[in-house]
Amino acid sequence: MKSIDVTTFETAYEIVGGGHYGDRHNVQTKEQADHSMAYVIAAALIDGQLMPDQFAKERIRRADVQELLQKVKTHTNFPLKTPRKVVDHLDPYTAVYPDKVPAKVTITLNSGQELEQKCEDFKGFFTRPLSWDDVITKFNVLAEGIIDRQLQQLIVHVVQHIEQESATALTTLLTRI
């Protein structure tokens, strides 16, 4: 890949895109990685997912992701950053936040071909909530190697039937972790 260009709303740019809080391309720790749009995009593109493994120090420091995150450039759609009230109303990406979290990613391949994807939300955002099956799958992936499969199933059952279960039932299971 030659470059990855990300257009996003003002708040995302300022916090994780390299705006007010500084460059987000020097990433060596989990704390830096989870506050770097460049890192999470690079890791997700390479690994096809963004889970705890992508925030392990060994993964963060690998050459492939370090090289790719340097190719990510983040900006807003509006050339001005101040006055903020003007930006909030005139930038189409910022004006719809927080009801939407728009972004556009343009990947330029080494051949010069451009691939572009726009979105206004993501799976798991309030406008597109996860299904119960998605929640169970994510829980099982995150619990793998921490909670045995039987305990995972018991926790899922109690949470799924929380209105009929007692809080004690859930907390008793959680103490087994």
Side-chain angles (χ1 to χ4, degrees), residues 1-25 27 29-56 59-60 64-66 68-109 113-144 152 155-156 159-160 162-163:
M1 276 180 242
K2 185 176 180 182
S3 65
I4 302 166
D5 185 69
V6 180
T7 306
T8 190
F9 56 98
E10 186 72 24
T11 300
Y13 169 75
E14 292 295 348
I15 296 172
V16 296
H20 181 76
Y21 293 99
D23 182 39
R24 298 299 187 177
H25 289 86
V27 178
T29 67
K30 179 203 173 295
E31 292 73 20
Q32 292 168 329
D34 66 17
H35 283 78
S36 169
M37 190 178 295
Y39 176 81
V40 299
I41 288 171
L45 282 171
I46 293 169
D47 295 349
Q49 65 179 4
L50 199 58
M51 298 297 277
D53 286 348
Q54 281 65 50
F55 294 99
R59 177 65 190 113
I60 292 167
D64 61 345
V65 75
Q66 286 291 321
L68 187 56
L69 78 88
Q70 299 304 320
K71 296 179 180 184
V72 177
K73 303 300 178 230
T74 308
H75 56 86
T76 62
N77 192 52
F78 201 66
L80 301 176
K81 303 292 179 240
T82 58
R84 184 62 192 258
K85 288 188 183 234
V86 171
V87 174
D88 288 349
H89 291 290
L90 296 180
D91 175 15
Y93 286 73
T94 302
V96 296
Y97 174 78
D99 296 323
K100 297 178 182 179
V101 285
K104 177 177 76 170
V105 177
T106 304
I107 297 174
T108 304
L109 303 177
Q113 179 184 3
E114 288 188 352
L115 308 171
E116 183 178 286
Q117 181 68 49
K118 294 179 182 180
C119 67
E120 293 186 341
D121 62 7
F122 54 88
K123 193 173 185 179
F125 193 60
F126 79 91
T127 56
R128 202 164 24 127
L130 295 177
S131 70
W132 179 246
D133 288 340
D134 291 335
V135 171
I136 292 170
T137 299
K138 186 171 183 175
F139 172 71
N140 290 335
V141 167
L142 292 172
E144 186 70 34
Q152 289 176 34
I155 292 170
V156 166
V159 171
Q160 188 171 18
I162 197 72
E163 291 162 357

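Numbers for residues simply follow the sequence, beginning at 1.
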Which is it for Val159 and Phe139 under the side chain to side chain contact (heavy atoms under 4.5 Å, CB included) test, yes or no, and what are the steps along the way? CA-CA 12 Å; Val159 171; Phe139 172 71; over 6 Å; no
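- Not a single donor-acceptor pair under 3.5 Å links the side chain of Glu144 to the backbone N or O of Val141.
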Test side chain to side chain contact (heavy atoms under 4.5 Å, CB included) applied to Thr29 and Ile60, step by step: CA-CA 7 Å; Thr29 67; Ile60 292 167; 5.8 Å; no
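- The side-chain hydrogen bond (donor to acceptor under 3.5 Å, both in side chains) test applied to Asp64 returns Arg59, Arg62, not counting sequence neighbours.
- Summarising the geometry of Thr74 relative to Gly17, their closest heavy-atom pair is CB-O, 3.4 Å, with the distance given to 0.1 Å.
- Remark: side-chain polar atoms of Glu10 are not paired, donor with acceptor, to backbone N or O of Ala95 under 3.5 angstrom.
- Judged purely by atom type and a 3.5 angstrom limit, His75 has no side-chain atom pairing as donor or acceptor with the backbone of Asp5.
- With Glu14 contributing its side chain and His20 its backbone, the two residues share a donor-acceptor pair below 3.5 Å.
- Here Lys104 contributes atom NZ and Glu120 contributes atom CD; the two are 13.5 Å apart, rounded to the nearest 0.5 Å.
- Residue Glu116 qualifies as enclosed at atom CD: its count of foreign heavy atoms under 6.0 Å is above 12.
- Put simply, the side chain of Thr108 never gets that close to the backbone of Lys2: no donor and acceptor are under 3.5 Å apart.
- Other residues, nucleotides and ligands contribute over 12 non-hydrogen atoms within 6.0 Å of the CZ atom of Phe125.
- Of the N and O atoms on the side chains of Thr76 and Asp91, not one donor lies less than 3.5 Å from an acceptor on the other residue.
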Can Val156 and Trp132 be said to form a side chain to side chain contact (heavy atoms under 4.5 Å, CB included), step by step? CA-CA 10 Å; Val156 166; Trp132 179 246; 4.0 Å; yes
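- Here the straight-line distance linking atom CG of Asp34 with atom CD of Gln54 works out to 13.0 Å at 0.5 Å rounding.
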As a quick check of understanding, evaluate side chain to side chain contact (heavy atoms under 4.5 Å, CB included) for Phe55 and Val40, giving each step before the final call. CA-CA 9 Å; Phe55 294 99; Val40 299; 4.0 Å; yes
